[in-house]
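Below: the structure, in structure tokens.
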Amino acid sequence: VGPSRKKESASGVNEPSKPSNPRHPYRPSSPSLVPNKKRTYHTLAYKRHCHQPKQNKMEVETQNCIGVDSGPRSLLSGTAATILCCVCATPIAPNPSNTCSSCLASASDVTRGISTEATLHQCRGCSRWHQDAGKWIGCELESRELMALCLSNVSGLKKRKNEGNNAAGRVRLVDAAWVWTEPHSMRLKIRLTIQREVEAGGTILQQSFVVEFIVRNQQCVECQAAFRQGTWKSLVQVRQRVGHKRTFLYLEQLILKHGAHRGCLSIETFKDGMDFYFPDKGKAARFMSFLEDVVPLKVKSSKKLISTDDKSNISNYKFTNLVEICTLCKDDLLFLPKKLATHIGNISRLVLVKNISNVIQVIDPLTGQTGAVESDAYWRDPFRPVVTAARTRLTRYVILGKEPVFLERNVSKRGVNRKQRSKLALVSAARESDLGSNDVTVEECSQLGYLMKSGDVALGYDMKDVQLVDDDAEDVRRAGKFPDVVFVRKLYGGVATGEANAAKKRMFQLQRLPIQKTDEEKEKGRGKKGLKKAADMEILDEEDFMQELEADREMRARVNVYKSEIAVSKETKQEGGDDDDKDDDQKITLDELLDNLVLDTKPDHVEPDAAMQLVGDTTIEEGMVFVGEGERAAKDKIGYVGREEAINIQSRETAIPVAGNVWGKDFLDEDL
């Protein structure tokens with residue numbers, strides 16, 4: 001038995017002696033000297049002491065103040081300690097501020113450090129908004145893009161660099177909504193709802209407030225350059241030496257679809273082409289690269305010295321680029337050189353131009369065989385069409401009947417595929433002018449035979465009366481080796497029936513570039529007669545191009561074709577298509593047309609009182625389109641505060657505590 005742990009006090013009462021191990025009071029220094037019973041008791045007490053939950057100093061003091069036993073027995077019972085709020089005396093869980101959530105919300109400002117006023121710059125010329133670093137973007141009012149631009153200009157919403165991953169003081173954006181403002185107030189308002197942790201104890205408060213943006217007018221770089229004289233640095237002159245502008249009308253639609261004219265200062269038109277002015281050489285180079293992908297061309301470049309600085313060795317140049325497009329156009333009749341015809345698949349020398357892209361696509365009108373002439377091959381040995389697809393060279397034919405033709409081999413002595421064989425037909429037709437006067441008919445094989453049916457009207461070349469410009473082609477025609485007629489395309493709609501206003505009754509329409517006429521173009525129509533003649537020629541070229549577009553599905557797939565008012569009315573009346581035209585795959589349908597194009601239309605009908613409320617004392621300009629309040633915001637699924645609610649809205653609401661909302665690791669993520 002070890003030494004006794006008891007010693008007598010001055011009063012004669014035995015007191016336990018101090019433990020021999022000061023670090024662990026319940027652990028003896030020598031376990032072997034302690035009896036088994038005492039050893040068991042001390043061991044259990046030691047384990048109980050080690051597994052007790054640790055208490056901070058504040059918790060112990062709090063329990064002593066409210067009369068709760070701080071011993072191990074009360075901690076093991078699991079009762080939660082509470083304190084009284086220092087403001088309203090409500091029992092709450094202990095926190096560093098000793099204040100309840102309601103009192104914290106009334107005394108705290110969640111929006112501290114967040115700006116409630118900002119400035120946005122908008123270009124008056126192009127209506128674009130300034131983003132940053134000289135970048136300008138186009139945004140509609142109440143759109144999602146404009147909301148993102150506004151939020152990026154509100155300081156205090158983004159995470160600061162010195163915050164790290166600490167959630168204290170960080171802001172989380174919960175909601176953003178547009179607030180109605182006067183149309184001419186030059187103000188934009190948004191209502192933001194944010195959350196912030198105000199104390200380290202985890203109290204999260206939510207508050208809504210209004211941010212006002214002042215819109216200032218500022219010209220963008222492109223508009224500044226457009227208003228200055230001589231600001232262009234690179235000029236692209238596009239020319240085609242033909243007597244019509246159908247190719248330029250097609251090129252204009254390609255430019256509009258792909259947005260190749262972006263960054264262009266101005267566009268001018270001439271008798272045989274167009275000029276594009278650019279502020280720098282790079283944008284002009286990108287535009288010429290686009291032209292190389294859509295038309296066969298060759299380029300000549302030159303530069304002119306404007307100024308130079310010998311000390312810094314810096315020179316200022318103006319660049320001029322001449323882009324010449326090949327003289328071949330769609331539906332032109334060609335008589336290919338013998339060597340070229342053999343090179344592209346031993347095709348017949350008499351071919352039609354099917355389409356113009358970066359290569360010249362040709363087709364044999366008698367067998368349907370196709371081929372492609374490369375741009376380099378054409379410019380090495382340029383050739384002219386024997387018959388140009390002009391209005392005066394085309395003849396209207398009325399189809400009387402057809403019979404399918406099945407070819408086993410074509411001119412190249414190759415087998416004809418099933419697709420080409422099914423499109424060929426022997427067409428019987430007569431001139432429209434000969435109907436009722438004589439019974440002269442022609443029968444000729446055509447690649448458009450599958451489209452024809454009795455009563456249709458088609459355009460074609462009358463090879464008996466046509467005058468060919470090529471001597472070799474004229475010799476072959478006199479020898480009787482040319483067909484009597486070459487059908488070019490089928491006519492549709494009111495153009496086929498000869499209606500007076502057939503062009504206005506089309507179901508589709510096109511967009512146009514903002515082109516300026518030069519003095520040379522204006523002088524061309526000097527006088528009333530000359531001006532009327534020039535206008536008539538432009539109308540005829542546009543009508544020919546519309547007919548080409550109407551009869552070629554592949555060509556329509558490359559451009560944007562929009563619905564007209566006639567198409568909208570037809571769409572409501574007709575539910576299904578005609579069964580008679582199910583084999584006609586070139587006819588334009590409503591499924592190919594795009595919506596939402598307004599060209600030279602009058603403003604929607606507005607009542608006088610409503611107009612005064614919308615525009616005040618200002619007059620309604622032609623072409624203005626009024627959009628309902630909140631329509632664009634609803635389309636982008638963004639909240640909107642209407643006019644009546646906006647009058648009574650508070651600039652800053654009282655913060656409210658968020659119950660049961662824990663940010664967790666997601667809020668501490670650096671990406672948020």
Heavy-atom distance under 4.5 Å between the side chains of [X] and [Y], does that happen here?
X	Y	answer
Phe290	Ile255	yes
Ile344	Val362	yes
Thr247	Val242	no
Pro483	Pro365	no
Asn560	Leu256	no
Leu510	Met546	yes
Gln447	Asp364	no
Val359	Gln361	yes

Between atom [atom1] of [X] and atom [atom2] of [Y], what is the distance when rounded to the nearest 0.5 Å?
X	Y	atom1	atom2	result
Arg380	Ser375	CZ	OG	9.5 Å
Glu499	Lys504	CD	NZ	13.0 Å
Ser234	Met288	OG	CE	6.0 Å
Ser266	Leu235	OG	CG	9.0 Å
Asp541	Phe248	CG	CZ	11.5 Å
Asp331	Leu394	CG	CG	7.5 Å

Which atom names give the shortest non-hydrogen contact between [X] and [Y], and what distance separates them?
X	Y	answer
Tyr461	Arg393	CD2-O, 3.6 Å
Lys283	Asp280	N-OD1, 2.9 Å
Phe335	Ala473	CG-CB, 3.7 Å
Arg349	Ala341	CG-CB, 4.1 Å
Cys139	Trp129	O-NE1, 3.3 Å
Arg384	Leu328	C-CD2, 4.5 Å

**Message:** Whether Asp272 and Arg239 form a salt bridge (side-chain N of Lys/Arg under 4.0 Å from carboxylate O of Asp/Glu) is what I want to check.
**Reply:**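 Between Asp272 and Arg239 there is a salt bridge, with a charged N closer than 4.0 Å to a carboxylate O.
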Within a 6.0 Å radius of atom [atom1] on [X], are there more than 12 heavy atoms belonging to other residues, nucleotides or ligands?
X	atom1	value
Asn313	CG	no
Glu403	CD	no
Met463	CE	yes
His343	NE2	no
Asp439	CG	no
Asp309	CG	yes
Lys257	NZ	yes

**Message:** Checking side chain to side chain contact (heavy atoms under 4.5 Å, CB included) between Leu451 and each of Gln586, Lys402, Lys587, which is the one that passes?
**Reply:** Gln586
**Request:** Start with the C-alpha gap between Leu350 and Lys481, add the side-chain angles, then the distance that decides, and say whether side-chain contact (heavy atoms from CB on, under 4.5 Å) holds.
**Result:** CA-CA 10 Å; Leu350 185 68; Lys481 296 182 180 180; over 6 Å; no
**Message:** Quick one, Val427 with Val485, criterion side-chain contact (heavy atoms from CB on, under 4.5 Å). Give me CA distance, side-chain angles, the key distance, then yes/no.
**Reply:** CA-CA 10 Å; Val427 179; Val485 61; over 6 Å; no
Can you tell me how the ring of [X] sits relative to the ring of [Y], calling it parallel under 30°, perpendicular over 60° and tilted otherwise?
X	Y	answer
Phe287	Phe278	tilted
Tyr250	Phe545	tilted
Tyr317	Phe319	tilted

**Request:** Mind running salt bridge (charged side-chain N to carboxylate O under 4.0 Å, His left out) on Glu252 and Arg512 for me, showing each step along the way?
**Result:** CA-CA 7 Å; Glu252 180 180 351; Arg512 298 300 301 272; 2.8 Å; yes
**Prompt:** Between Asp332 and Thr388, is any side-chain donor less than 3.5 angstrom from a side-chain acceptor?
**Reply:**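 There is no such pair between these side chains.
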**Message:** Evaluate Asp381 against Lys339 for side-chain contact (heavy atoms from CB on, under 4.5 Å), listing each step before the verdict.
**Reply:** CA-CA 11 Å; Asp381 187 13; Lys339 183 177 180 181; over 6 Å; no
Any donor-acceptor pair under 3.5 Å from [X] side chain to [Y] backbone:
X	Y	result
Thr342	Lys338	yes
Gln240	Cys326	yes
Gln131	Ile137	no
Ser564	Met507	yes
Arg556	Leu549	yes

**Asked** Can Glu324 and Lys300 be said to form a salt bridge (charged side-chain N to carboxylate O under 4.0 Å, His left out), step by step?
**Response** CA-CA 8 Å; Glu324 185 177 354; Lys300 293 182 180 179; 5.7 Å; no
**Item:** With Asp552, the side chain to side chain donor-acceptor pair (under 3.5 Å) member among Lys354, Lys330, Arg489
**Value:**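 So, applying the side chain to side chain donor-acceptor pair (under 3.5 Å) to Asp552 and each of Lys354, Lys330, Arg489, only Lys330 qualifies.
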**Asked** In a check of salt bridge (charged side-chain N to carboxylate O under 4.0 Å, His left out) between Glu543 and each of Arg506, Arg391, Arg246, which one passes?
**Response**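 Filter result, single survivor: Arg506.
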**Message:** For Ile325 and Ile356: C-alpha separation, side-chain torsions, deciding distance, then whether side-chain contact (heavy atoms from CB on, under 4.5 Å) applies.
**Reply:** CA-CA 11 Å; Ile325 304 176; Ile356 295 291; 5.9 Å; no
